[in-house]
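Keep in mind the model is a prediction, meaning the values are calculated, not measured.
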Amino acid sequence: MSEQIDKNQNKQDIKNQKYLLGSLILHTENTEKKFNIVDGQQRLTTLALILRVLCEKKSNEQECNKIGDFLNNVKYSHNESKYHIKENYEYIKAYFESYSDKKCEFLNFLLENIEFICVLAPSEDDAFLFFDSANSKGKGLKSYDLIKAFHLHSLEKNQGSMLDYYARKFENIAKDERKITILFDELLAPARAWLKHKNIRVDKIKTEQIYEEFCKEFSSDKFLYSKEDLGILSSFANGVDFFEYLFKYNECFDKLSNYALYQELDKIYYTGFIYNKYIYAIAVMIYFSKFPNGNSDYFLALLARAAFSLRVYGLSISRATQNNYALEFLEKVYFVSFEEELEQNLLDFIAIKNEEERKSSQELDGGRSDYVKIVEKYYQGKDAPYKNIPSHYVKNKNKGINNE
């Protein structure tokens, strides 16, 4: 707390900066409008003590008393807790004596800028399940834990009979923690941002931003309904819509994983290549969504040729490079209505990127070398299955020019 206060003294523009105090895990008993706190007691108690100190001796006494009495009716049963609460209150009071002229400013900052992510679990058992996830082995709640809790609560209010079905189906996906993390954090959330023309580095996306992308616009009972299927950019009118969206793109990802070309690409473990591969996976998922009965073998190869041009001419692939290429490439895949239109977009894109490959001085090393072996197998030679697709232009230090 003291560190945050000291930081704020040195910042010019703190009025609009939100400060996240983590997640609260709550559940209700029956239909009463009371919340049992499963996780977050210490933070709420500390916040209550700070507010009490900041509200002491204020001119607007009635309003400040109301704020300062935050959690006033909460009962603490353990004597040790009562001792530490009193001790911390005295510490906070003494601390703010050094900032007496800033107390009003800091109070306003707390009231306007402090935020929590609230996980309202449908039952006590679910609440403690989330709590275990947050505290076992030092792990915090993942973005998908928070999103699941939000939409299960929506189901409980609107389609309660479906709750168990969707909860179990979600948990079956979440058994593979690595996969579901990639699905949310590396594929769906970034894709939705890039297709909205947002410059965003995947490693800079925070858990609360991913949560907001899938939940925030439906934080009231006044749901928004889309008249058309927007594919990967679809809105979620309620819990059912979200879960069906997730299951659909999980199936798309599984379908991609069964293709021989992708299985070979997936064996290349260089970090930059993995970033590039995620762009390709997003593009394929968009394609499957738009054209479920399309010429998938051909278009998966064509999409790979367009997506991995970056690996051929790029010096290195960072998160910033990934962002720039995704912004340029993915709209060519998403904003089409027919396969013929998509094909032309990709061929035009490949022609442009082929010029970048010609200008490149990069030789075969690292993930680039491994990828070129796949290119030779699938795109070059008389027996290559996709030899009709324009191949890459690669400079090979042993063979001179490996041309299309």
Side-chain angles (χ1 to χ4, degrees), residues 1-26 34-120 127 130-131 134-143 146 201 203-212 216 219:
M1 180 197 74
S2 59
E3 289 179 4
Q4 186 62 26
I5 295 172
D6 292 337
K7 286 179 182 178
N8 288 340
Q9 305 308 312
N10 300 319
K11 290 183 179 179
Q12 297 294 320
D13 183 23
I14 66 169
K15 292 183 179 179
N16 297 320
Q17 290 183 355
K18 300 300 181 184
Y19 189 73
L20 184 70
L21 282 181
S23 59
L24 301 177
I25 303 177
L26 315 170
K34 293 182 179 179
F35 299 102
N36 292 321
I37 304 168
V38 174
D39 188 32
Q41 296 98 327
Q42 290 183 345
R43 278 166 291 149
L44 288 174
T45 300
T46 303
L47 183 60
L49 294 175
I50 295 172
L51 290 173
R52 179 175 286 274
V53 169
L54 293 176
C55 286
E56 288 174 344
K57 299 179 182 179
K58 293 293 181 184
S59 57
N60 52 339
E61 187 172 341
Q62 185 175 357
E63 182 65 22
C64 275
N65 283 342
K66 183 178 178 181
I67 297 170
D69 286 342
F70 171 60
L71 294 186
N72 194 47
N73 294 325
V74 173
K75 305 297 182 184
Y76 297 90
S77 57
H78 297 288
N79 289 331
E80 186 177 358
S81 295
K82 294 176 183 178
Y83 170 78
H84 287 301
I85 288 171
K86 184 177 184 299
E87 184 181 48
N88 289 335
Y89 171 76
E90 296 298 335
Y91 171 81
I92 293 168
K93 189 174 181 180
Y95 184 88
F96 273 105
E97 288 179 358
S98 302
Y99 296 98
S100 57
D101 59 332
K102 297 286 186 179
K103 287 173 69 173
C104 184
E105 180 182 344
F106 194 75
L107 173 62
N108 290 333
F109 176 83
L110 284 180
L111 297 177
E112 297 294 330
N113 299 74
I114 291 297
E115 292 184 344
F116 290 94
I117 293 175
C118 290
V119 179
L120 183 56
F130 287 125
F131 177 78
N135 291 279
S136 64
K137 300 179 182 178
K139 294 183 179 179
L141 284 174
K142 301 286 188 179
S143 60
L146 302 171
R201 281 179 44 165
D203 58 325
K204 299 295 183 182
I205 302 178
K206 298 179 180 179
T207 296
E208 59 268 25
Q209 291 175 299
I210 298 173
Y211 172 84
E212 288 177 0
K216 188 174 183 180
S219 57

Checklist entry - Roughly how far, to the nearest 0.5 Å, is CD1 of Ile92 from CD of Glu87? => result 11.0 Å
Next on the checklist: Just verifying a value: how many Å separate Leu24 CG and Gln41 CD, rounded to the nearest 0.5 Å?
Outcome noted: 9.5 Å
Checklist entry - Yes or no on side chain to side chain contact (heavy atoms under 4.5 Å, CB included) for Ile85 and Thr45, after CA distance, side-chain angles and deciding distance? => result CA-CA 8 Å; Ile85 288 171; Thr45 300; 4.0 Å; yes
Next on the checklist: Measuring from atom NZ of Lys86 to atom CG of Leu49, what distance do you get when rounded to the nearest 0.5 angstrom?
Outcome noted: 12.0 Å
Next on the checklist: Nearest 0.5 Å, please: how far is CG in Asp39 from CG in Leu26?
Outcome noted: 9.5 Å
Checklist entry - Would you say Ile210 and Ile205 make side-chain contact, with heavy atoms under 4.5 Å? => result yes
Item to check | Lys103 NZ to Leu107 CG distance, which is reported to the nearest 0.5 Å | outcome: 9.5 Å
Item to check | Side chain proximity check, Leu21 to Leu44, heavy atoms < 4.5 angstrom | outcome: no
Checklist entry - So which heavy atom on Lys204 is nearest to which on Gln209, and how close? => result O-OE1, 3.5 Å
Checklist outcome for this item: Value for OH (Tyr95) from CD1 (Ile50), rounded to nearest 0.5 Å, stands at 10.0 Å
Checklist outcome for this item: Heavy-atom nearest pair, Leu110 first then Leu51, reads CD1-CD2, 4.1 Å
